[in-house]
*Asks:* 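The following block contains the structure, expressed as structure tokens.
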Number of protein chains: 2
Amino acid sequence: MKVSDSPFPSSISFVAETGVIPEATAHYQKRLSDLRGLFLDPVALEQRIQDENDPVCYENYAFNNSQADGDVFFGTTIIYPGKVGIEYHLTRGHYHRKRDHAETYQALSGRGLVLFEREDGTTCTAELAPGKVTYVPPFWAHRSVNTGPVPLVFLWTCPVEAGHDYEALRGRGMRQVVVERGGCPCIEGRP
Amino acid sequence: MKVSDSPFPSSISFVAETGVIPEATAHYQKRLSDLRGLFLDPVALEQRIQDENDPVCYENYAFNNSQADGDVFFGTTIIYPGKVGIEYHLTRGHYHRKRDHAETYQALSGRGLVLFEREDGTTCTAELAPGKVTYVPPFWAHRSVNTGPVPLVFLWTCPVEAGHDYEALRGRGMRQVVVERGGCPCIEGRP
């Protein structure tokens with residue numbers, strides 16, 4: 001990018017309760033049917049798709065000015081509350097295509113967890129809650145989970161060149177799952 | 001950075017009203033005496049340094065895990081309310097050392113403005129207010145100004161390799177100033 005091509009500064013509004021960014025440059029929704037293969041209980045998944053007319057599990061707004069190295073983009077993710085069987089609603093989860101690129105999350109409303117894992121098999125979790133920045137370091141795959149009764153809304157900020165690699169997790173999913181046990185979220189190894 | 005060197009994920013608390021990050025890895029304060037040469041009215045500046053025992057104008061907390069390319073760091077800046085003569089409290093302002101690197105700001109409490117300028121002479125301003133992300137694009141120098149009666153607290157997120165270049169603005173300062181006229185903040189060209 002050259003000086004004369006650089007985007008102009010701007011102040012972009014977001015709604016903390018809903019995650020809506022009216023000036024977003026991109027937006028997508030993922031319904032339960034888009035997430036086949038990710039949940040522990042495929043029978044419970046199909047039942048909910050049928051009974052609830054394939055509800056939206058999560059959605060994403062982004063504000064992005066360029067694909068130039070060095071630029072930063074940001075957006076919101078909204079994970080609606082709910083469970084598939086005993087497993088809480090989640091995002092697909094991904095590594096960054098450029099594995100050494102980091103990101104930050106900041107919960108705006110609701111509560112949840114981020115599941116992390118590295119390619120050497122190490123796993124870790126961190127909290128998503130208002131008043132905290134959740135640091136997503138280089139080399140860690142990350143999946144977000146809504147463990148509460150209201151939408152989990154978080155703001156993410158990331159170098160544009162980080163990219164997404166969803167394929168590396170496909171087939172086996174992440175090593176840990178978040179399920180409800182006795183009314184409380186519980187982090188367990190994938191059976 | 002290698003996989004085995006990558007920092008672990010974490011959730012880092014911040015206090016929206018004060019900007020304090022208890023787990024910060026770095027912290028600094030700038031007093032009015034550190035900002036000599038930046039304000040329009042050097043006589044008013046020296047008077048305030050003397051009368052108020054050199055008050056803190058702004059401070060900064062950062063959370064930083066590494067200096068590796070691709071990593072991201074974040075922190076808070078707190079600009080205390082006040083004026084030097086008719087000019088509102090401000091930060092030094094800087095270009096990124098790597099000019100093509102961007103950043104985001106997000107006001108947590110208080111209100112203000114960011115003054116922007118490019119090396120081709122173009123100027124611009126954007127708002128700092130809760131509920132907005134202020135996008136700091138590549139190639140724009142940026143200085144923040146507290147135009148309100150309470151501390152302006154904002155969260156910043158930036159690629160670690162962006163770096164700071166304070167020298168490029170030194171000598172002439174930024175092309176615009178924010179001064180109080182008739183009780184309201186007013187953006188003017190530097191006299």
Side-chain angles (χ1 to χ4, degrees), chain A residues 1-16 21 63 65-66 68-75 96 98-107 114 116 118-120 122 124-140 142 155 157-162, chain B residues 1-16 21 63 65-66 68-75 96 98-107 114 116 118-120 122 124-140 142 155 157-162:
Chain A
M1 193 191 290
K2 295 178 300 183
V3 173
S4 55
D5 297 334
S6 64
F8 270 65
S10 48
S11 292
I12 306 300
S13 294
F14 60 84
V15 184
I21 299 179
F63 183 82
N65 281 277
S66 80
D69 279 11
D71 205 351
V72 163
F73 74 139
F74 62 90
H96 289 152
K98 294 197 175 175
R99 292 286 194 277
D100 60 353
H101 278 56
E103 185 170 3
T104 61
Y105 286 172
Q106 188 205 335
V114 187
F116 291 96
R118 289 195 312 205
E119 283 169 316
D120 64 4
T122 314
C124 186
T125 57
E127 197 185 2
L128 281 167
K132 294 186 174 192
V133 176
T134 305
Y135 168 60
V136 179
F139 293 105
W140 291 86
H142 37 289
L155 186 70
T157 308
C158 190
V160 293
E161 72 266 28
Chain B
M1 193 190 290
K2 293 177 301 183
V3 174
S4 54
D5 298 334
S6 64
F8 270 65
S10 49
S11 291
I12 305 300
S13 295
F14 59 83
V15 184
I21 298 180
F63 183 81
N65 281 276
S66 79
D69 279 9
D71 206 352
V72 163
F73 73 140
F74 61 89
H96 289 152
K98 292 195 176 175
R99 292 288 195 274
D100 60 354
H101 278 56
E103 185 170 3
T104 61
Y105 286 171
Q106 188 204 335
V114 186
F116 290 96
R118 290 197 310 207
E119 283 169 316
D120 64 4
T122 314
C124 186
T125 57
E127 198 185 358
L128 281 167
K132 295 187 174 192
V133 176
T134 306
Y135 168 60
V136 180
F139 293 106
W140 290 86
H142 37 289
L155 187 68
T157 307
C158 190
V160 293
E161 72 266 29

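Residue numbers start from 1 in every chain, and the chains themselves are labelled A, B, ... in the order their sequence lines are given, proteins ahead of strands. All heavy atoms count here, side chains included; hydrogens, waters and symmetry mates do not.
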*Asks:* Output the option from B:D69, B:T157, B:D5, B:D120 having the highest count of non-hydrogen pairs under 4.5 Å with chain A.
*Replies:* B:T157
*Asks:* Taking all heavy atoms of A:F14 and all of B:K132, pick out the closest pair and write down the distance.
*Replies:*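 Closest heavy-atom pair between A:F14 and B:K132: CE2-N, 3.5 Å.
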*Asks:* Could you report the tightest heavy-atom contact between A:D71 and B:A102, atom names first, then the distance?
*Replies:*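 Nearest pair, atom of A:D71 first, then B:A102: OD1-CB, 3.2 Å.
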*Asks:* Give me the atom names and distance for the closest heavy-atom approach of B:P137 to A:P9.
*Replies:*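 Nearest heavy atoms, B:P137 then A:P9: CG-N, 3.4 Å.
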*Asks:* Sort A:Q106 into side chain, backbone, both or neither according to what part of it lies under 4.5 angstrom from a heavy atom of chain B.
*Replies:*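 Side chain only.
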*Asks:* For the interface with chain B, which of A:H96, A:K2, A:K98, A:E161 has the highest count of heavy-atom pairs at distances below 4.5 Å?
*Replies:* A:K2
*Asks:* Could you look at A:I21 and say if it's the side chain, the backbone, both or neither that has a heavy atom under 4.5 Å from chain B?
*Replies:*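 Neither part; nothing is under 4.5 Å.
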*Asks:* Taking the inter-plane angle between the rings of B:F63 and A:Y135 on a 0 to 90° scale, is it parallel (under 30°), tilted (30 to 60°) or perpendicular (over 60°)?
*Replies:*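 Rings of B:F63 and A:Y135: perpendicular, over 60°.
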*Asks:* Could you tell me which of B:A126, B:S6, B:S4 has the largest number of non-hydrogen atom pairs under 4.5 Å with chain A?
*Replies:* B:S6
*Asks:* Quick check on the interface: out of B:I12, B:V133, B:T134, B:V72, who has the most heavy-atom pairs with chain A under 4.5 Å?
*Replies:* B:V133
*Asks:* Name the region of B:F8, side chain, backbone, both or neither, that has any atom closer than 4.5 Å to a heavy atom of chain A.
*Replies:*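 Both the backbone and the side chain of B:F8 come within 4.5 Å of chain A.
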*Asks:* Partners of A:E119 by salt bridge (charged side-chain N to carboxylate O under 4.0 Å, His left out), sequence neighbours excluded?
*Replies:*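 By the salt bridge (charged side-chain N to carboxylate O under 4.0 Å, His left out) rule, A:E119 matches A:R99.
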*Asks:* So, for B:R118 and A:V3, which heavy atoms are closest and what is the spacing to 0.1 Å?
*Replies:* NH1-O, 3.1 Å
*Asks:* Give the member of B:C158, B:A107, B:S10 that has the highest number of heavy-atom pairs under 4.5 Å with chain A.
*Replies:* B:S10
